[in-house]
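Just below is one structure, and these are the notes that go with it.
Worth knowing before you read on, the calculation uses all heavy atoms, side chains too, and leaves out hydrogens, waters and symmetry mates. Worth saying up front: this structure is predicted, and the values here are computed from it rather than measured.
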Amino acid sequence: MQSIQAPHTRTRERFSALYQVATGGSPVAVAKKLDRRHDTVTGWINKYNLSGPDSMVYRRTGGHPPFVE
């Protein structure tokens, strides 16, 4: 597997999950491996299928700004 390159770790995690499911992994197994809920991984899959790869890019939507970036 090639290295997934993206500026944010959450974006890399999402594309990694999609890759693992696309190559035969079940969403439940991938979620366990990533320590995520299976409905989170399934949500990523659905979002990708509806809106494409741009929808997987992490965008900060609120909350306190990070202490260190």
Q20 backbone acceptor or donor facing T23 side chain under 3.5 Å: yes

Audit row: W44, R36, side-chain contact (heavy atoms from CB on, under 4.5 Å) steps and yes/no: CA-CA 11 Å; W44 293 339; R36 295 284 185 177; 4.2 Å; yes

Minimum-distance pair of heavy atoms, taken over all atoms of T42 and P27: OG1-CB, 3.9 Å

Minimum heavy-atom distance A17-L34, with the two atoms named: CB-CD1, 3.7 Å

Heavy-atom side-chain contact between I45 and Y48 under 4.5 Å: no

Rounded distance [0.5 Å steps], CE in M56 versus OG in S51: 8.0 Å

Point-to-point distance, once rounded to the nearest 0.5 Å, from OG1 of T9 to CZ of R14: 9.5 Å

Residue list, salt bridge (Lys or Arg N to Asp or Glu O under 4.0 Å) with R10, at least two apart or on another chain: none

Which residues share a side-chain hydrogen bond (donor to acceptor under 3.5 Å, both in side chains) with D39, sequence neighbours left out: R37

